[in-house]
Amino acid sequence: MQCTVKWMGADSGMSFVAETGSGHMVTMDGAPEAGGRNLAPRPMEMLLAGTGGCTAFDIVMILKKGRHQVSGCDVRLEAERADSDPKVFTRIHFHFRVSGKNLKPEAVARAIDLSKDKYCSASIMLGKTAAITHDFDIIEVA
C-alpha cells in the first residue's frame with residue numbers, strides 16, 4: 001500500500017492533497033488557528049472516518065456472508081483526544097445503526113465483535129491508545 005501527500009503551497013494555507021495507491025485523491029486542510037482555511041477535513045478526521053468505514057465494511061460483509069438480510073449500516077463515531085502532543089485519540093465510541101429484515105441482535109453483536117477483535121485493522125491500531133466502546137440499534141425494514 002502506498003500514498004503520496006502533497007502540500008498545495010503557500011497560497012493554499014495548510015491544504016494537502018493525498019493520492020492513494022489505487023489512484024484516488026483526497027484533500028485535507030488544517031484548522032484556521034493552525035493556518036488552514038477549513039476547506040477540507042482535517043487529517044485526524046480522515047483517520048476517524050477511515051476507521052468508521054473499515055468497521056462498517058466488515059459488519060456489512062459479515063452479515064451478508066451469514067445470509068442476513070442487511071440493507072443499511074451507518075456508524076457515528078465520537079472521539080476524544082489527548083490535551084497535549086501527541087494528541088492521540090484516547091476514547092472512541094462507535095454507535096452502529098444496522099437496518100434490514102429480521103436481523104437478530106446476536107448476529108449484529110457478533111459481526112461487531114468480529115470486526116473489533118479480528119478484522120478492522122484501523123480500530124485495532126487505534127485501540128492501542130484509545131478506550132473503544134460500541135453499541136448498536138437495529139432498524140427493521142419491511
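What you find for Tyr119 and Ile124 is that their closest heavy atoms are N-CD1, 4.3 Å. Nearest heavy atom pair, residue Arg110 against residue Ile62, reads NH1-CG2, 4.1 Å. Closest approach of Asp11 and Arg37 over heavy atoms only: O-NH1, 2.9 Å. Nearest heavy-atom pair, Gly13 versus Trp7, reported as atom, atom and distance to 0.1 Å: O-NE1, 3.0 Å.
More than 12 non-hydrogen atoms from other residues, nucleotides or ligands lie less than 6.0 angstrom from CZ of Arg42. Under a cut-off of 6.0 angstrom, the local environment of CG in Asp85 is crowded, with over 12 non-hydrogen atoms contributed by other residues, nucleotides or ligands. By the neighbour-count criterion of 12 heavy atoms within 6.0 Å, atom CG of Asp83 is sparsely surrounded, having that number or fewer from other residues, nucleotides or ligands. Crowding of Glu140 atom CD: a count of heavy atoms from other residues, nucleotides or ligands under 6.0 Å exceeding 12.
With contacts defined as side-chain heavy-atom distances shorter than 4.5 Å, the pair Arg76/His93 does not qualify. Looking at Asp137 and His95, their side chains come closer than 4.5 Å, going by heavy atoms from C-beta outward. The shortest distance between side-chain heavy atoms of Lys116 and Ile132 does not fall below 4.5 Å. Between Asp58 and Leu114 there is no side-chain heavy-atom pair separated by less than 4.5 Å. Contact of the Phe16 side chain with the Pro43 side chain is not registered, since no non-hydrogen atoms from C-beta on lie closer than 4.5 Å. The closest side-chain heavy-atom distance from Val108 to Phe96 is not below 4.5 Å. With contacts defined as side-chain heavy-atom distances shorter than 4.5 Å, the pair Met8/Thr27 does not qualify.
Distance alone, capped at 3.5 Å, is enough to place a donor-acceptor pair between the Asp29 side chain and the Leu39 backbone. Arg91 places no side-chain N or O within donor-acceptor distance of the main-chain N or O of Glu80, the cut-off being under 3.5 Å. Not one N or O on the side chain of Ser115 forms a donor-acceptor pair closer than 3.5 Å with the backbone of Ile112. The closest donor-acceptor contact from the side chain of Asn38 to the backbone of Pro32 lies at 3.5 Å or more, if one exists at all. Checking side-chain atoms of Thr51 against main-chain N and O of Leu47 turns up a donor-acceptor pair under 3.5 Å.
In this view, Arg97 and Asp74 satisfy the salt bridge (charged side-chain N to carboxylate O under 4.0 Å, His left out) rule, not counting sequence neighbours. Every residue was checked against the side-chain hydrogen bond (donor to acceptor under 3.5 Å, both in side chains) condition with Asp113, not counting sequence neighbours, and none meets it.
Distance check: Ser123 OG to His134 NE2 gives 5.5 Å after rounding to the nearest 0.5 Å. Considering OG of Ser12 and NZ of Lys6, their distance stands at 10.5 Å, rounded to 0.5 Å. The line from CD of Glu45 to CG of Leu77 is 12.0 Å long, rounded to the nearest 0.5 Å. Put simply, OG on Ser121 and NZ on Lys118 are 12.0 Å apart, with the number rounded to the nearest 0.5 Å.
In terms of hydrophobic clustering, with Ile, Leu, Val, Met, Phe, Trp and Tyr side chains grouped at heavy-atom distances under 4.5 Å, Leu48 and Met44 are assigned to a common cluster. A chain of hydrophobic side-chain contacts below 4.5 Å, direct or via other Ile, Leu, Val, Met, Phe, Trp or Tyr residues, connects Leu63 to Val75.
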